[in-house]
Number of protein chains: 2
Amino acid sequence: MSSTKTCSTSLSTANVLEAALSGDERQGRLAAGQDPAKRQQILEGADRVFSTMGFDAASMNDITREAGVSKGTIYVYFDSKEELFLELCIGYRDKLFSGIYSAFEGNHNLRDALIAFGKALSIKVTSDMVIRSQRVVIGVAQRMPSMSRSFYEQGPKKGQAIVKAFLEKHVAAGDLEIEDTELATHQLSDLMMSGLFKRRLFGFTDKEPTEEEINRAVIGGVDMFLRAYGKR
Amino acid sequence: MSSTKTCSTSLSTANVLEAALSGDERQGRLAAGQDPAKRQQILEGADRVFSTMGFDAASMNDITREAGVSKGTIYVYFDSKEELFLELCIGYRDKLFSGIYSAFEGNHNLRDALIAFGKALSIKVTSDMVIRSQRVVIGVAQRMPSMSRSFYEQGPKKGQAIVKAFLEKHVAAGDLEIEDTELATHQLSDLMMSGLFKRRLFGFTDKEPTEEEINRAVIGGVDMFLRAYGKR
DNA sequence: AGGGGATCGAACCACTTGGTTCGAAAAAAG
DNA sequence: CTTTTTTCGAACCAAGTGGTTCGATCCCCT
């Protein structure tokens, strides 16, 4: 252990503090390890390294090089390789499910809404960035169970709840006939990416799906879903 | 532990050689690096280590310890850590899809056949062993693309071909009405494990699914499939 | 202009890595 | 038995690991 005693976990507390202390533009000299831009710079470099090497094969020297930040500075912002990784994974998880579920709003036609949602979902989930981050998380799931579990809980699971609520609304409205809405929720999400997701995850295709491929899966999936659960 | 090996997988070269040299029981002194039992012993130890640590975090010393074989001997049987890993992955892939597709035979009723297949598939794919090996393969997919691609091609993709042929047979027989059988193949496989696979892969649940959970997904999936594609 | 502190960068630390070497032990062959 | 050869086990290697230290910069603030 050692000298440098800068408040370790920082960030949120510091930001909150700043915001509380001064409502106007806060531009004073930043304490060590408190510059959000530098923090971001480190995270972006770490992202590039982790998402191509995985956690274990990535070295802090690689990250140093890729981020263009000295090693000492990195260790002022983050206490350890693992902590840096954990924060990055939170970013992965949040990025994964941003701006998908808004597709439900604005489309009053059920089929259109499902298709819009399906496209947004499957485009994002099969994108290079997201596939790489999923690989990294899955790769360490065995040894870091709590983190990958929280990744799933805070990410996919929350998304499922939104979909489920949407389906239940339409069941109540009489558009859909579903007994097991939870199961139907998973079925819908899986159908949206049938034939796309696993191929990408296992690296069978290193190119993102084309628009045709997305359409084929999504429209095919939605139509199947509606044929099975649509009111007849 | 160890020994008692039906040497079901791998070591093809050694077997072929033996078989070619003598038709009768071959029991002479084995050349260095040629004992199938020892080879298997190494592979089993390596399996335990790789599938809990992943490729990069696993060390050859760990494997030495776990397999109960000296390091020198390991390097007589395998040229490098990576080669050992590659051979192990071939074992993973072969184990994954053994004995699943036989479920199609014997059930003349379409629904029963689909359910039998679905149960076999989803039980195997969500089992501890197979989940772990999938995590390992996915974890290195970014850096060893050719190997994970071949894993997918020789494994899941071949399985899909069998399912597709089965579906096409029933389309021809008039039991099913499917336009895009390839898509339907993926849909069927994904539906069999809806709500089970990803949870397991991300470590959200560390227990294998119960029989009820399997039934719920499989029967729900098959019924949905038949409602969408069954002849009306 | 000058002082203070965040950042740099390179050396450094103890330790582990994949891989090799080599004499001793073990076991099968003759 | 002796010989032969695989295996053991431990030492060994160079390279790289995560992490620390420290003087030299550089930049912001007064």
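Since the model is a prediction, treat every value here as computed from it, not as a measurement. Each chain gets a letter, A, B and so on, in the order the sequences are listed, and its residues count up from 1.
DNA chain C is contacted by A:Gly68, A:Val69, A:Ser70 of residues 61-70 of chain A, taking any non-hydrogen atom closer than 4.0 Å.
Within the structure, a side-chain polar atom (N or O) of B:Tyr77 is placed less than 4.0 Å from OP1 or OP2 of D:dT7. An OP1 or OP2 oxygen of C:dT17 is reached within less than 4.0 angstrom by a side-chain nitrogen or oxygen of B:Ser59.
In this structure, CD1 of A:Ile74 is placed 13 Å from P of D:dT17, rounded to the nearest angstrom. Rounded to an integer number of Å, the gap from CG of B:Asp56 to C1' of D:dT17 is 13 Å. Rounded to whole angstrom, the span from the CZ atom of A:Phe50 across to the P atom of D:dG18 amounts to 8 Å. Regarding B:Met60, its CE atom lies at a distance of 21 Å from the P atom of D:dA14, rounded to whole Å. With rounding to whole Å, A:Tyr75 atom OH is found 18 Å from D:dC22 atom P. Regarding B:Asp35, its CG atom lies at a distance of 10 Å from the C1' atom of D:dT6, rounded to whole Å. In this structure, B:Glu82 places its CD atom 18 Å from P of C:dT17, rounding to the nearest Å. Rounded to an integer number of Å, the gap from CD of A:Glu83 to P of D:dG19 is 10 Å.
Judged by the 6.0 Å distance and 45° axis criteria, B:Lys81 is not positioned over the aromatic ring of B:Tyr75. Judged by a 6.0 Å distance limit and a 45° cone about the ring axis, A:Lys198 is positioned over the six-membered ring of B:Phe197.
Note on B:Lys38: only backbone sugar-phosphate atoms sit closer than 4.0 angstrom, heavy atoms only; bases stay farther off. B:Ala58 comes within 4.0 angstrom of the backbone, heavy atoms only, and of no base.
Checked by distance alone, B:Lys81 brings no side-chain donor or acceptor within 3.5 Å of a matching partner on the base of C:dG19.
Scored by the ring pair (Phe, Tyr, Trp, His ring centres under 6.0 Å) test, A:Tyr92 finds no partners at all (sequence neighbours excluded).
In terms of heavy-atom proximity, A:Leu201 sits nearest to B:Leu201 at CD2-CD2, 3.9 Å.
Proximity of a side-chain donor or acceptor of A:Arg135 to a complementary backbone N or O of B:Val140 within less than 3.5 Å is not detected. Checking side-chain atoms of A:Gln41 against main-chain N and O of A:Ala67 turns up a donor-acceptor pair under 3.5 Å.
In this structure, a donor-acceptor pair under 3.5 Å is absent between the side chains of A:Gln142 and B:Ser51.
Remark on DNA chain D: of its neighbouring residues A:Gly72 and A:Phe55, the 5'-side contact belongs to A:Phe55, judged by nearest-heavy-atom nucleotide.
In this structure, of C:dT7, C:dG19, D:dT20, it is C:dG19 that holds the atom nearest to the side chain of B:Lys71.
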